[in-house]
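Working notes for the structure below.
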Amino acid sequence: MALYSEKVMDHFRNPRNVGSIPDADGVGEAGNPVCGDIMKIYLKIDGGTVTDVKFETFGCGSAIASSSMATELIKGRPLSEALKLTNRAVTEALDGLPPHKLHCSVLAEEAIKLAVKDYYEKNGIEYDKSLFPEAPSCEHCGI
Ligand code: FES
């Protein structure tokens with residue numbers, strides 16, 4: 001069996017929603033201290049819905065594929081759903097990642113959460129702080 005699914009290869013080769021949004025309503029950046037890879041997510045939000053999302057990822061192929069898939073999963077969705085996006089959901093949508101690459105998908109979950117938090121803080125919106133743990137980590141590898 002190939003190490004990477006066709007979906008991973010597709011999103012790695014043709015990533016969706018690459019770039020930045022200069023007037024983003026929320027920006028989140030997550031980094032992996034072990035490999036040094038960084039993912040940045042930009043959100044446009046209107047009426048509680050993610051109307052546009054872009055990403056910049058300086059990282060491995062799995063991180064790029066995860067960013068691409070994660071942006072597709074939250075685009076056009078309510079913020080409440082974007083906040084519930086887990087790295088597991090991203091991995092499943094990609095038809096899986098090799099076990100040693102699961103932590104790469106955690107960056108997408110983290111960066112999206114931080115972008116939503118940034119939006120809440122910039123706009124003085126009250127939010128449930130328990131939704132944003134200090135240092136979310138991968139349930140599989142602990143990174
Ligand atoms: Fe660093 Fe994949 S190896 S995010």
Side-chain angles (χ1 to χ4, degrees), residues 1-46 48-123 125 127-143:
M1 201 185 99
L3 187 56
Y4 294 106
S5 71
E6 276 179 31
K7 276 199 191 157
V8 172
M9 293 311 295
D10 176 35
H11 279 264
F12 168 58
R13 291 196 179 112
N14 308 294
R16 282 57 148 187
N17 309 308
V18 179
S20 62
I21 301 177
D23 60 342
D25 297 307
V27 180
E29 184 174 308
N32 182 315
V34 175
C35 63
D37 292 346
I38 294 172
M39 187 183 297
K40 205 163 176 181
I41 294 275
Y42 301 83
L43 298 177
K44 279 301 278 180
I45 296 163
D46 191 10
T49 296
V50 177
T51 54
D52 197 11
V53 49
K54 296 232 181 289
F55 78 88
E56 292 174 318
T57 292
F58 306 94
C60 72
S62 298
I64 290 167
S66 296
S67 319
S68 171
M69 181 56 86
T71 56
E72 287 286 273
L73 291 173
I74 65 166
K75 201 172 191 175
R77 314 300 309 168
L79 274 186
S80 55
E81 279 185 33
L83 273 177
K84 282 193 206 131
L85 184 75
T86 61
N87 82 297
R88 184 184 290 270
V90 173
T91 307
E92 279 170 8
L94 286 169
D95 289 339
L97 282 169
H100 68 288
K101 285 287 175 183
L102 284 173
H103 70 271
C104 313
S105 62
V106 176
L107 285 184
E109 178 186 332
E110 265 188 64
I112 288 170
K113 284 203 168 100
L114 290 171
V116 175
K117 187 175 174 207
D118 182 49
Y119 165 72
Y120 285 154
E121 287 178 351
K122 274 185 186 147
N123 291 279
I125 298 170
Y127 61 91
D128 178 358
K129 300 215 168 28
S130 69
L131 292 172
F132 304 94
E134 277 299 298
S137 64
C138 170
E139 63 194 270
H140 302 283
C141 62
I143 292 174

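Counting starts at 1 for both ligands and their atoms, following the listed order.
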Minimum-distance protein heavy atom relative to atom 4 (S) of ligand 1: D37 OD2, 3.1 Å

Atom indices of ligand 1 within 4.0 angstrom of C104 heavy atoms, with elements: 2 (Fe), 3 (S), 4 (S)

Min side-chain heavy-atom separation L131-K113 under 4.5 Å: no

F12 atom CZ: more than 12 heavy-atom contacts under 6.0 Å: no

Between CG on residue D52 and CD1 on residue I21, distance to nearest 0.5 Å: 4.0 Å

Within-4.5 Å side-chain heavy-atom neighbours: D23 and K44: yes

Contact atoms of ligand 1, heavy-atom distance to C60 under 4.0 Å: 2 (Fe), 3 (S), 4 (S)

Residue A63 vicinity, atoms of ligand 1 by number, heavy atom under 4.0 Å: 4 (S)

Numbering as shown, the atoms of ligand 1 that approach K101 to under 4.0 Å (heavy-atom distance): 2 (Fe), 3 (S)

Aromatic centroids of F132 and Y127 separated by under 6.0 Å: yes

Shortest protein heavy-atom distance from atom 1 (Fe) of ligand 1, along with the residue and atom involved: C35 SG, 2.1 Å

